[in-house]
Amino acid sequence: MTGHYQDPLDSAFGDEPEDHAPLMPAREPPYLSGLNKEQREAVEATEGPVLVLAGAGTGKTRVLTTRLAHILSTRKAWPGQILAVTFTNKAARELKERIGALIGGVVEGMQWLGTFHSIGARMLRRHAELAGRKSNFTIIDTDDQLRLMKQLLQAENIDDKRWPARTLASMIDGWKNRGLKPEDVPDGEAHAFAFGKGRSLYAAYQERLRALNACDFGDLLLDVLTILREHPDVLADYRDRFRYILVDEYQDTNTVQYLWLKLLAGGGGSGVRSNVCVVGDDDQSIYGWRGAEIENILRFERDFPGAKVIRLERNYRSTPAILGAASGLIAANKGRLGKTLWTEGEPGEKIAVKGVWDAEEEARNVASEAENLHRQNHLYAQMAILVRASFQMREFEDRFISLGLPYKVIGGPRFYERAEIRDAMAYFRLVAQGDDDLAFERIINKPKRGIGDASVQVLHQFARSMRMPLLAAARDIVVTDELPPKAKKALGELVGNFMRWAEVSRQIPHTELAEMILDESGYTDMLKADKSAEAPGRLDNLKELVRSMEQFESLAAFLEHVALVMEIEQNETEDRINLMTLHAAKGLEFDTVFLPGWEEGLFPSQRTMDENGVAGLEEERRLAYVGLTRAKKRAFISFAANRRIHGSWQSALPSRFINELPPEHVAAAIDEGFYGGNAGFRDNMDGFASTYDSPGWKRAQANKSSGYTRARPPLIEAQAWSVQTSDPAASQFGRGDRVFHQKFGYGLVRAVEGNKLTVDFDKAGEKKVIDQFVTRG
DNA sequence: TCGCCCTATATAAGG
DNA sequence: TATAGGGCGA
């Protein structure tokens with residue numbers, strides 16, 4: 001049986017002619033065998049611009065690696081003549097490893113295979129002087145970025161309560177993502193921050209970075225773009241060098257990356273017909289909030305006239321049922337390039353959709369389902385729970401811990417983002433580069449050595465007047481009487497330490513140096529004295545940090561790696577269930593996928609819809625599509641009628657995405673007891689499918705999304721799903737009423753606010769509930 | 001300068 | 001509900 005899903009938007013492009021020259025079978029290289037027709041075409045179409053639309057699970061990575069291997073083994077280019085860009089280090093690593101496996105041995109010399117940022121850093125170090133920097137510039141992290149901006153706001157006397165540094169940081173990031181230098185920022189946008197100070201703050205920030213010989217992640221791309229634009233000789237050199245260009249996840253490129261690429265690839269009427277191949281899937285574009293422009297991929301054929309478009313549509317991952325559900329869902333989006341994914345085999349299990357009372361029950365269900373599968377010899381490692389927001393993880397973790405079910409969280413705070421690691425890194429950075437003021441500020445009083453804000457201010461003043469970096473200024477200030485004796489002594493010791501560390505750094509291995517710094521600075525002692533629960537873990541992390549330094553030749557090499565990679569590799573052999581956000585799941589696959597929290601407001605996220613309207617909703621829908629297509633064999637979707645968000649209870653309707661799943665691929669269930677004591681409704685509702693097919697349900701959905709007349713749904717839905725939409729004035733309860741709630745029991749109404757009641761429950765304490773969930777008691 | 005308490009706030013997270 | 005950061009008293 002074949003699942004074949006017609007996509008109504010599929011006619012956006014015509015079929016490609018089959019015009020490639022057939023290879024002689026006898027001489028066919030082994031790596032080509034096993035590729036399907038389209039994959040093979042994508043591998044062999046090496047010349048001219050190519051867009052490979054790779055649907056979920058269609059063998060994209062295989063095509064990418066084979067294509068590169070093909071170019072190398074047919075000697076079309078040397079490794080150093082290929083530019084291959086990815087978004088994540090993981091993807092870059094995987095490419096490198098798999099090419100090696102294909103052509104035998106390790107690939108040497110692919111120095112231009114990497115992330116946008118690592119390639120940007122490489123280029124910028126080569127031409128640093130053209131961007132007004134020295135080639136040993138520091139790459140600052142988001143912490144440093146924020147600290148710097150706070151200083152700028154303070155210097156400008158801007159109230160950082162009203163205009164938080166975070167907001168400025170994200171505005172500047174946004175501008176950099178769009179390739180805008182301070183002078184390019186449109187007036188209107190510059191005025192959006194602190195009464196028109198946005199642009200000058202951006203300029204001041206850049207000025208400070210330059211003075212610090214530092215740059216942020218955005219600069220790694222924007223400065224390179226500027227250099228390529230303003231120095232035709234440099235551009236010509238790179239154009240000449242890169243015989244083949246390959247970009248992975250093209251739908252995630254932002255404007256700077258796009259402009260950068262277009263310059264290098266010579267698109268847009270430059271007359272150069274370059275061999276640029278971009279690979280991506282418009283249906284999996286989920287990073288608009290990070291600056292990604294889905295338009296880039298939609299527009300590729302116009303940017304590179306005569307581009308060949310190859311669609312990979314045969315899915316090797318999921319069952320027809322899963323693929324059918326996902327295809328049906330994504331069909332609701334407009335403005336797609338359109339693909340018709342298909343697969344072979346038995347239809348497989350339907351998507352299980354289940355409504356539950358609250359998040360706790362949802363977690364109980366998922367856990368017991370997982371245990372069931374595990375008893376039937378399914379590996380936990382082949383199961384994943386994909387949530388929209390990380391706060392949803394808590395319920396699952398609680399449940400797994402109490403059951404002793406092994407789990408692991410993917411993503412989340414990364415190793416190099418931990419405070420203790422950043423502190424240690426700041427010490428190392430400062431030893432390597434004495435004028436790294438941001439690092440110095442970070443650790444000047446960590447561990448506490450009696451140098452408070454006041455002393456730091458004095459030091460700042462002094463450094464500024466002497467036009468010196470802070471560390472050098474500290475060395476000078478301790479022979480004056482500018483500082484109080486205590487601070488003066490402490491600072492003197494610190495400066496002495498740094499001078500000594502810098503000295504011995506030339507003589508001893510950097511791992512030894514690292515240990516010396518951590519011990520002599522008092523940092524390890526501080527953690528040893530710390531009796532909090534986290535302290536031992538932090539000490540372990542520091543040990544791990546020193547251990548990971550061993551793989552690097554020098555301190556400088558290590559620092560560059562950390563700045564760009566931010567993660568530490570860990571080998572995983574234990575059988576554990578995976579818990580992560582939907583975003584973190586992109587590119588992964590599992591036999592079984594649990595998709596909890598499909599509720600209006602949570603998924604699709606209300607905030608995204610408020611901020612970005614239909615485009616936001618469509619991105620949420622793509623996220624749902626990504627989630628579903630992670631599943632190979634089975635998917636479980638659930639939604640909870642009630643959820644505690646930031647401590648207060650909220651009720652929600654099932655996600656509209658549930659309604660958009662083709663019914664033939666869905667098996668729905670309502671949990672027993674969902675209607676609690678409300679006997680009489682249960683008979684109508686024994687199958688959820690009948691509910692959401694019912695006219696009442698459709699009407700409720702229509703009212704929900706139409707936005708204006710929010711009619712109160714019929715009582716039956718009101719009871720079943722609750723509403724956030726009922727008339728605020730209509731609460732039938734008043735202060736002092738005695739009420740009963742299904743979950744919390746009896747209580748006394750303390751306050752009424754629209755349809756929200758604050759109830760003091762006898763057992764559960766004070767809670768906010770929606771009036772539809774209580775009855776008179 | 002340190003530490004405690006109070007209050008404001010709350011997606012997603014790559015490099 | 002949890003946490004982070006600011007304000008204020010010792």
Side-chain angles (χ1 to χ4, degrees), chain A residues 85-92 114-121 139-142 145-146 150 159-162 164-166 170 173 176-177 215-221 248-249 252-254 256-257 286-292 359 386-395 398 410-414 416-417 419 445 447-457 483-484 486-487 490 560-567 580-587 597 601-612 616 619-620 622-623 626-627 643-650 765-768:
Chain A
V85 226
T86 63
F87 273 85
T88 64
N89 291 294
K90 197 175 154 218
T115 62
F116 272 103
H117 291 89
S118 66
I119 289 169
I139 301 165
I140 66 165
D141 61 33
T142 34
Q145 205 179 356
L146 234 44
K150 276 185 188 154
D159 178 9
D160 67 352
K161 274 247 167 68
R162 181 141 181 225
R166 288 186 48 108
S170 68
D173 272 348
K176 288 185 177 178
N177 282 340
C215 67
D216 64 18
F217 286 119
D219 292 330
L220 293 179
L221 304 175
D248 189 18
E249 306 280 15
D252 288 339
T253 48
N254 62 32
V256 173
Q257 289 159 339
I286 55 174
Y287 284 111
W289 51 274
R290 219 161 61 183
L386 312 182
V387 297
R388 174 71 236 286
S390 52
F391 67 75
Q392 293 172 258
M393 291 186 186
R394 204 199 145 137
E395 253 86 13
D398 287 351
I410 311 284
R414 286 170 299 167
Y416 290 114
E417 280 171 347
N445 200 30
K448 299 239 177 335
R449 41 174 79 90
I451 306 171
D453 272 352
S455 302
V456 173
Q457 284 308 320
L483 291 177
K486 206 174 136 205
E560 177 84 349
H561 171 82
V562 174
L564 290 169
V565 176
M566 306 285 285
E567 64 184 58
M580 70 193 87
T581 64
L582 285 158
H583 284 92
K586 197 165 103 169
L602 177 60
F603 190 37
S605 143
Q606 192 58 51
R607 186 162 161 188
T608 300
M609 291 188 292
D610 289 346
E611 287 171 8
N612 300 308
E619 184 157 307
E620 294 284 303
R622 292 193 290 270
L623 197 50
V626 167
R643 190 175 289 278
R644 196 155 54 178
I645 294 177
H646 311 313
S648 66
W649 284 92
Q650 307 208 330
E766 195 172 285
K767 306 275 179 198
K768 281 204 168 110

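Excluded from the calculations below are hydrogen atoms, water molecules and symmetry mates; all remaining heavy atoms, backbone and side chain alike, are included. Naming convention: chains lettered A, B, ... in sequence-line order (proteins, then strands); numbering from 1 in each chain.
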Checklist entry - Has the side chain of A/E619 got a donor or acceptor atom that lies under 3.5 Å from a matching backbone atom of A/G288? => result yes
Checklist entry - Relative to each other, are the rings of A/W289 and A/H583 parallel, tilted or perpendicular (30° and 60° limits)? => result perpendicular
Give each protein N/O atom lying under 3.5 Å from an N/O atom of nucleotides 3-7 of chain B, with the pair distance.
none

Checklist entry - Does A/S118 have any side-chain hydrogen bond (donor to acceptor under 3.5 Å, both in side chains) partners at least two apart in sequence or in another chain, and if so, which? => result A/T115
Item to check | Heavy-atom pair with the smallest gap, counting every atom of A/G597 and A/Q392 | outcome: CA-NE2, 3.7 Å
Checklist entry - Is a donor on one side and an acceptor on the other found under 3.5 Å between the side chain of A/N254 and the backbone of A/K176? => result no
Checklist entry - Are A/T253 and A/V85 close enough that some pair of their side-chain heavy atoms sits under 4.5 Å apart? => result no
Checklist entry - Under 3.5 Å, side chain of A/N177 to main-chain N/O of A/R290, donor-acceptor pair present? => result yes
Next on the checklist: Applying a 4.0 Å non-hydrogen cut-off, can you work out what A/A454 is touching in the nucleic acid: base, sugar-phosphate, or nothing?
Outcome noted: sugar-phosphate
Checklist entry - Can you give one letter per nucleotide of nucleotides 10-15 of chain B, going 5' to 3': B for a protein heavy atom under 4.0 Å from the base, S for sugar-phosphate only, - for none? => result BBBBBB
Next on the checklist: Give me the stems containing DNA chain B, sorted by first residue, counting only three or more consecutive Watson-Crick or G-U pairs with both distances under 3.5 Å; say none if there aren't any.
Outcome noted: B:1-10 with C:1-10
Item to check | A/V626: which of A/L582, A/I286, A/L386 passes side chain to side chain contact (heavy atoms under 4.5 Å, CB included) | outcome: A/I286
Checklist outcome for this item: A/F217 meets the ring-ring contact (aromatic ring centres under 6.0 Å, His included) criterion, sequence neighbours left out, with A/H117
Checklist outcome for this item: Residues A/G450 and A/N445: closest non-hydrogen pair is N-OD1, 3.3 Å
Next on the checklist: Using a 4.0 Å heavy-atom cut-off, does A/N445 contact any base of the nucleic acid, only the sugar-phosphate backbone, or nothing at all?
Outcome noted: sugar-phosphate
Between the protein and nucleotides 3-10 of chain C, which nitrogen or oxygen pairs are less than 3.5 angstrom apart?
none

Checklist entry - What integer distance in Å separates A/I451:CD1 from B/dC2:C1'? => result 15 Å
Checklist outcome for this item: Residues A/A91 and A/D248: closest non-hydrogen pair is CB-OD2, 4.3 Å
Item to check | Validation row: A/Q650, A/L602 side chains within 4.5 angstrom (heavy atoms) | outcome: no
Checklist entry - Checking side-chain contact (heavy atoms from CB on, under 4.5 Å) for the pair A/T86/A/E249: CA distance, chi angles, key distance, verdict? => result CA-CA 7 Å; A/T86 63; A/E249 306 280 15; over 6 Å; no
